[in-house]
There are 2 protein chains.
Amino acid sequence: MTPTVTQTGTLSTRERILLEASRLFARNGYRGTSTREIAAAVGIRQPSLFHHFPSKQTIMAELIDIDHAEATRVAKREAAASGSPAVRLYRYLVADISFICRCAYDLSSVESVLNDSDFGDKRQRHNELQGARLAIIEEGIDSGEFVKSDPLIAHKVITWILRGDIVDTAGEPQADADDFAHQLASFVLRAVLADPDRVDEIRAGVELEMNQG
Amino acid sequence: MTPTVTQTGTLSTRERILLEASRLFARNGYRGTSTREIAAAVGIRQPSLFHHFPSKQTIMAELIDIDHAEATRVAKREAAASGSPAVRLYRYLVADISFICRCAYDLSSVESVLNDSDFGDKRQRHNELQGARLAIIEEGIDSGEFVKSDPLIAHKVITWILRGDIVDTAGEPQADADDFAHQLASFVLRAVLADPDRVDEIRAGVELEMNQG
DNA sequence: GTCTATAATAGGATAGAC
DNA sequence: GTCTATCCTATTATAGAC
């Protein structure tokens, strides 16, 4: 399984390569990170990397797959879930944000390399995930639960918040990842709901569900 | 002056280097962009770049200065401006977002290189700008105009929205940059205001000011 | 599973002709 | 102001010893 931030003490060399590579890719970009830097961070020599991965590209490809596997899991669950668009959007945000905060790997670089031709085949799944998010927003606007406005604005802002969260809080242990996730989700819901006062009720309902399940 | 998206037809070689470098830095990162790629995009040979800039680093440094010069101008103006925190935050957001949309250069890479030791001296001004923004938010919460919550959450979200806007819409001509800026600013204000219904009144007031000034 | 040595290529920057 | 030619270093990846 994908390691969490609390498990970084007991990683295999392969996992430590993924961890250090993810941090360096986040800081200096995929192209801007050399295999020597990754190896140095892991504590091995540069050619030893190639015993665990056939190329630098496959290290990045595995990080992309880790990110997409979890995002797909959450998106599929909320697509089939019960509840109004607001409740499902709230649950989706909390699940995604707390995964980002808990995952040991810093997945910031994933989205930015999807424009690179080397990873073009990974892009379709990313687009599908974006579409699933937009669909919830459109449903909320159509039903009158969300304020009447361009769904693309809310969709963009949510994308940017998730991206910002990945970049700024990924990979570092967060004091209280759950509370942070709820605060961010509440911020978005306040902006989006036709009746912003419903935020507290939605938050309480989702927290109850999570404590039971 | 810094060129806008509508002026990309009449640029000097020096400005075209800044333009193409900004786009490549945005896509592939500062480290991940070679001087050969920049030269090819401009339509000259690699050594010719060094007639206009003494190094690759000085190209990036100039892009940072362009970004910070405008951000400082806007922040200083709103620090001294009249109006409630909500009105000043709204004006700040609209000014910053429409600058991002109008500037010919894609300034996405600026924030990410500030962690690089090569540009450490530019970082202080960035931190001062962040502080000015946080101060407006804290003032709004203390006065009761904003909803009672952790000011750092709103601050983070605003940072992420501005960053996302830079990354996704910078450098490309926007159909209606002003309307887009107002929609994003309204989204943030709805989430932040104790009385979200005041958004339309604040928007109308700022639009009136802008049409007069 | 990690090492040293090395191949082959791409990187930033300079010199000097035009 | 741009060019060709070139220097030196850094890059990804392989071969083969231990």
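Note that the structure is a prediction, hence the values are computed from the model and not measured. Order of the sequence lines fixes the chain letters, A, B, ..., with proteins taken first and strands second; residue numbering starts at 1 for each chain.
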Quiz item: Considering only heavy atoms from C-beta outward, does the side chain of A/M210 approach that of A/V94 to under 4.5 Å?
Solution: yes
Exercise. Side-chain contact test, heavy atoms from C-beta onward, threshold under 4.5 Å: evaluate it for B/I38 versus B/L49 and give yes or no.
Key: yes
Quiz item: Between A/Q183 and A/D179, does any side-chain donor sit less than 3.5 Å from a side-chain acceptor?
Solution: yes
Taking OP1 and OP2 of [N], is either one under 4.0 Å from a side-chain nitrogen or oxygen of [X]?
X	N	answer
A/H52	C/dT2	yes
A/T13	C/dT2	yes
B/H51	D/dT2	no
B/S48	D/dG1	no

Starting from [atom2] on [N], measure out to [atom1] on [X] and report it in whole angstrom.
X	N	atom1	atom2	result
A/R45	D/dT11	CZ	C1'	17 Å
B/N28	C/dA10	CG	P	16 Å
A/L49	C/dG1	CG	P	14 Å
A/I44	C/dT2	CD1	P	6 Å

Practice problem: State which residues pass salt bridge (Lys or Arg N to Asp or Glu O under 4.0 Å) with A/D168; sequence neighbours excluded, sorted by chain then number. | Solution: B/R163
Self-check item: Which residues share a salt bridge (Lys or Arg N to Asp or Glu O under 4.0 Å) with B/R133, sequence neighbours left out
Solution: none
Exercise. Would you give a per-nucleotide map of nucleotides 11-18 of chain C, 5' to 3', where B means the base has a protein non-hydrogen atom under 4.0 Å away, S means only the sugar-phosphate does, and - means neither?
Key: BBBB----
Quiz prompt | Degree of bending, the helix from C/dG1-D/dC18 to C/dC18-D/dG1 (end axes from five pairs; round to 10°) | solution = 10°
Quiz item: How far does OG1 of B/T13 sit from CG of B/L19, to the nearest 0.5 angstrom?
Solution: 12.0 Å
Quiz prompt | Listed partners of A/F25 passing ring-ring contact (aromatic ring centres under 6.0 Å, His included), at least two apart | solution = A/Y30
Self-check item: CA sep, side-chain torsions, deciding dist, call: B/R77, B/R91, side chain to side chain contact (heavy atoms under 4.5 Å, CB included)
Solution: CA-CA 10 Å; B/R77 194 186 59 194; B/R91 271 198 300 240; 5.5 Å; no
Self-check item: Partners passing side chain to side chain contact (heavy atoms under 4.5 Å, CB included) against B/E62 (at least two apart in sequence or in another chain)
Solution: B/R14, B/L18, B/F53, B/I66
